[in-house]
Amino acid sequence: MRFNTCVILQPKASSVAEQFRGKVRSSGEVGLHSNRKPINEPQTHRVAERKAKMEDSSSKHIPENLDDPPNSRLFVVTSRCITEDELRDSFSRFGGIQGVWLVKDKQTKEPKGVSYVKFAKSSQACLAMEEMHGKVLLEGTKPIKVFIAQSRSSTRHRDVEDEELTRIFVMIPKTFTEEDLKNTFREFGDIEYCVIIRNKFTGESKGLGYVRYYKPSQAAHAIENCDKSYRAILAEPRSKNNSSEDYSAGGTRGGEYSSADSANQYPFTTPDQGSYAMLDLRQSDFTRSLMMSTRAVVTQEQIFALFDLIPGMEYCELHRDSYGMSKGHALIRYNNLGSAVYAKEKLNGFEYPPGNRLQVSFYDDGESPAGRMATQFVTAQIISSVWNGASSSQMIKPAGYPSVLSVPRVQTDVNLPPLKKLAPSDSKTKERLFVVFNPSTLPHDVLEDVFCRFGSLIEVHLVPGRKVGYMKYADKQCADEAMAVLHGRIVNGVKMKVMLADPPREESHKRPRTY
DNA sequence: CGACGGGACGC
DNA sequence: CGACGGGACGC
């Protein structure tokens with residue numbers, strides 16, 4: 001036992017956050033410091049299988065990786081007369097000490113009253129900080145101050161605040177509520193609050209969240225021990241926010257749409273939702289009205305039924321041109337812009353009756369600046385959202401709607417089964433297909449349209465910048481059938497190789513618990 | 001040939 | 001205020 005120093009622990013506040021970190025003014029210097037070499041801590045290295053070479057132990061480390069893992073090193077301000085052994089003894093009860101180092105003056109070799117204590121884990125360092133800060137180690141000396149050491153590469157000279165050590169940033173299922181988040185992470189410590197990052201307009205979770213603990217050791221414990229699939233890391237402080245967060249067309253910033261909730265309308269166009277309330281276009285007849293032209297014989301009832309497939313139609317009238325029956329045009333109006341844009345997207349070029357392509361355009365032909373803006377805006381949302389899973393399929397009428405409307409978008413040399421619903425996005429993937437496109441990739445929505453038809457499709461994933469993608473299926477047989485039917489086929493002029501995907505890179509993660 | 005792996009909060 | 005050592009793997 002090298003416990004020959006009487007360590008006096010003065011009971012004080014236990015939370016670092018509450019404690020006063022007063023200045024230490026060490027006056028006299030008692031030239032008592034240990035000159036012995038650093039002692040090898042029983043590290044958990046498994047270097048055993050090396051050539052027998054460096055067996056003479058006591059020559060190596062002070063830990064090489066000073067900041068590995070992050071926040072595992074303490075910066076300790078003490079009396080100048082503290083020894084390395086005394087420090088080590090004081091902190092060893094928190095476990096995992098990898099090194100203790102007293103800073104000394106370069107010239108005089110006198111200790112400067114500051115030292116570093118390296119732990120194996122951040123949680124150990126944090127706990128030691130919380131417990132030891134403010135303690136009096138040597139009778140008659142000032143209480144010590146204990147901080148997480150700045151990383152060696154950092155040039156900052158500020159103390160690391162608890163604020164930076166108590167909030168973690170995690171990836172969670174989109175279905176998680178704040179309650180779920182709290183229930184998941186409270187096993188690691190007392191939680192001050194949980195926040196889920198949501199789409200500001202729709203409230204839809206982005207699958208990311210923050211958990212604020214009361215103590216750094218709790219946050220560290222969570223990061224070290226929570227399921228790896230949460231990818232927990234320390235959250236960057238909010239204050240020094242990245243200066244450039246632009247909301248404009250930011251490329252991969254998709255997903256800014258809502259899920260359906262109200263019965264007969266597209267949620268992103270409900271009048272009381274602010275998406276583009278600023279463009280006061282919702283009540284404009286022009287931007288909600290479509291013109292349909294046809295050369296074939298159609299009846300008022302047929303056209304009505306067709307455009308009524310899109311929710312929100314409030315007016316539809318067919319006008320026959322002279323000498324009836326050979327030509328006609330119809331005026332259709334919806335009660336919201338989104339429905340009108342969607343109807344145009346889906347029905348323009350649609351063959352009805354078969355062999356006859358309908359022409360559908362905006363009544364104002366999209367020529368007004370406001371109309372163009374609105375069209376672009378809503379179209380962008382629709383393209384990425386319509387076929388995007390269970391929530392959006394709610395707004396599609398169950399009978400016939402999808403299969404009828406998707407016809408003009410996809411041309412292929414194979415007879416496709418009708419559209420099927422996507423599997424819920426949190427379904428477990430049972431099989432993945434790897435698809436190579438030649439000469440170029442296909443749009444996401446087209447692929448979803450094609451690959452969903454065998455059932456249980458969870459998600460289409462296109463690899464950015466590559467001509468390949470992955471199709472995730474919740475059912476193996478569905479995936480196999482898709483592969484059998486689609487391999488080597490041509491969709492919209494693009495030939496596809498459809499293969500089983502290699503297993504994803506091993507990451508030994510358990511799946512997130514589902515409560 | 002043709003391979004995935006991610007992340008940020010209205011002041 | 002109170003901040004960064006000693007010593008050198010071996011293809």
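Chain naming here is simple, since letters A, B, ... match the order of the sequence lines and numbering starts at 1 in each.
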Take the protein atom CE of A:Met499 and the nucleotide atom C1' of B:dC4, then report the distance between them rounded to whole Å. 14 Å
Can you name the residues that form a side-chain hydrogen bond (donor to acceptor under 3.5 Å, both in side chains) with A:Ser151, not counting sequence neighbours? A:Ser153
Base, sugar-phosphate, or nothing: which does A:Arg167 touch, judged by heavy atoms less than 4.0 Å apart? base
Could you check whether A:Lys106 gets within reach of a base, just the sugar-phosphate, or nothing at all, counting any heavy atom under 4.0 Å? sugar-phosphate
A:Ile148 CD1 to C:dA3 P, in whole Å, measures 18 Å
Just call it for A:Val195: base, sugar-phosphate, or nothing, with non-hydrogen atoms closer than 4.0 Å on any strand. nothing
Is it the case that the base of B:dC11 and the side chain of A:Arg238 share a donor-acceptor contact (distance under 3.5 Å, atom types as modelled)? no
Taking only residues two or more places apart in sequence or in another chain, which ones pass side-chain hydrogen bond (donor to acceptor under 3.5 Å, both in side chains) with A:Ser72? A:Lys118
Check the distance between C:dG2's P and A:Lys104's NZ and give it to me in whole angstrom. 18 Å
With the side chain defined as heavy atoms from C-beta on, A:Asp502 is closest, among B:dG10, B:dC4, C:dC4, to B:dC4
If you go through the side-chain atoms of A:Arg432, does one of them form a donor-acceptor pair with the base of B:dC4 closer than 3.5 Å? yes
Checking all strands, does A:Val435 fall into the base, sugar-phosphate, or nothing category for heavy-atom contacts under 4.0 angstrom? nothing
